[in-house]
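Both counts, for ligands and for their atoms, begin at 1 and track the order of listing. The figures here come from the full heavy-atom set of this structure, side chains too, leaving out hydrogens, waters and symmetry mates. None of the values given here were measured: they were computed from a predicted structure.
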Amino acid sequence: MIDAGLHTDEAEAVLRGALSEAGISVADVRRVFVTHLHPDHIGMAGTLQRAGAEIVMHEPEIANARRMWSSDHSMVDETYRWFERHGMPADVDQGMREAWLAMGRRVDALERIVGTEHGELFEFDGRRARVHWTPGHTDYHAVLVDEGERVLFAGDHVLPRITSNVGLYPFSRDDPLGDFLDALRAVRSLPVTRVLPAHGDPFDDLAGRVDQILAHHDSRLQATLDAVGDAERDAYRVCRTLFPGQ
Ligand SMILES: [Zn+2]
Ligand SMILES: [Zn+2]
């Protein structure tokens with residue numbers, strides 16, 4: 001399996017139902033590749049692990065996942081202090097922090113996670129897919145490319161209807177958006193004819209979708225420059241201009 005949804009009762013019922021439609025059960029899942037640490041991807045991995053599956057992630061994403069979901073919340077606290085320093089009002093910041101901690105309660109505890117590296121092959125059920133590091137959405141997000149079947153398992157790197165959330169955090173690599181745009185250009189010419197994203201329906205035109213997202217970021221970067229203007233403005237103010245309805 002690739003990615004495991006957030007652990008809610010509803011999501012678990014959907015997972016068990018879908019596996020049963022495919023004629024198997026949770027106990028038949030042997031390996032799970034988790035593309036990145038977000039709760040809607042890693043959430044139920046522990047349930048699959050306890051049923052016997054091996055959990056595999058891009059090696060450097062594992063340490064971040066462990067810190068993100070640790071019971072001391074240190075990474076979460078550091079993040080929301082950072083948002084406040086950049087102008088987020090305390091009540092908004094506190095609300096977001098609580099929502100994030102509530103999300104953490106939907107993430108299973110995990111024991112051993114097996115690390116894999118960029119370029120290695122992930123083998124599952126007679127298929128082989130190559131691991132590609134695609135930073136930006138998270139620092140060590142990774143996708144799988146099945147070169148034989150020409151399929152890209154895209155995680156949250158290339159999505160058909162929405163664009164991936166890319167943010168700068170106190171523990172981030174230096175330039176997540178630069179990483180993301182470079183990683184989009186890097187997957188653009190992969191030899192694939194089918195993309196299976198983690199959100200939304202499968203699609204075929206990878207290069208076309210990458211070009212749309214790159215053009216979107218060009219115009220949003222210009223809008224960001226305009227929003228900054230020549231006055232002194234914090235990041236929160238710039239966000240409110242860029243996303244007026246939110
Ligand atoms: Zn994500
Ligand atoms: Zn996601």
Side-chain angles (χ1 to χ4, degrees), residues 1-8 10-12 14-15 18 32-48 55-70 75-76 79-80 82-83 96-97 99-108 110 113 116 118 122 129 131-145 151-173 175-184 186-187 195-203 206 209-210 213 216-217 220 239 243 246:
M1 218 170 102
I2 298 167
D3 283 337
L6 193 66
H7 198 161
T8 62
E10 186 187 3
E12 187 178 341
V14 168
L15 172 65
V32 180
F33 182 83
V34 178
T35 57
H36 64 296
L37 58 77
H38 284 160
D40 50 327
H41 298 256
I42 201 170
M44 272 188 288
T47 300
L48 292 152
I55 310 301
V56 182
M57 282 180 92
H58 185 205
E59 175 71 40
E61 187 81 347
I62 297 173
N64 282 352
R66 295 232 181 263
R67 284 186 58 210
M68 175 68 76
W69 304 118
S70 74
M75 202 171 188
V76 177
T79 298
Y80 289 98
W82 161 272
F83 288 167
M96 284 182 63
R97 179 179 175 279
W100 190 252
L101 291 177
M103 203 94 84
R105 292 193 280 279
R106 305 284 176 221
V107 174
D108 294 340
L110 275 165
I113 306 175
T116 184
H118 174 81
F122 176 75
V131 176
H132 278 249
W133 177 31
T134 48
H137 178 61
T138 64
D139 283 351
Y140 299 100
H141 185 289
V143 298
L144 291 176
V145 185
V151 172
L152 170 65
F153 297 94
D156 282 357
H157 183 52
V158 192
L159 299 172
R161 291 193 314 273
I162 54 172
T163 56
S164 313
N165 183 339
V166 177
L168 181 71
Y169 301 93
F171 43 83
S172 291
R173 283 165 51 83
D175 179 12
L177 184 59
D179 281 349
F180 180 67
L181 299 175
D182 287 346
L184 278 176
V187 299
V195 182
L196 304 181
H199 301 275
D201 292 329
F203 60 99
L206 173 62
R209 182 59 186 145
V210 165
I213 298 170
H216 165 82
H217 280 287
R220 292 302 277 170
C239 276
F243 300 95
Q246 321 250 334

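Of the N and O atoms on the side chains of His137 and His38, at least one donor lies less than 3.5 Å from an acceptor on the other residue.
Without hydrogens or angle criteria, Asn64 side chain to Asp139 main chain gives no donor-acceptor distance under 3.5 Å. With hydrogens and angles ignored, the 3.5 Å screen pairs no side-chain donor or acceptor of Thr116 with any backbone N or O of His58.
With Phe243 as the aromatic partner, Arg220 meets the cation-pi criteria of under 6.0 angstrom to the ring centre and within 45 degrees of the ring axis.
By the 30° and 60° cut-offs, the orientation of the rings of Tyr169 relative to Phe171 is parallel.
Under 2.8 Å from the Zn ion (ligand 1), one finds the following protein N/O/S atoms: His36 NE2, His38 ND1, His137 NE2, Asp156 OD2.
Ring centroids of His199 and His41 are separated by less than 6.0 Å, placing the two rings close together.
Nearest N/O/S atom of His199 with respect to the Zn ion (ligand 2) is recorded as NE2.
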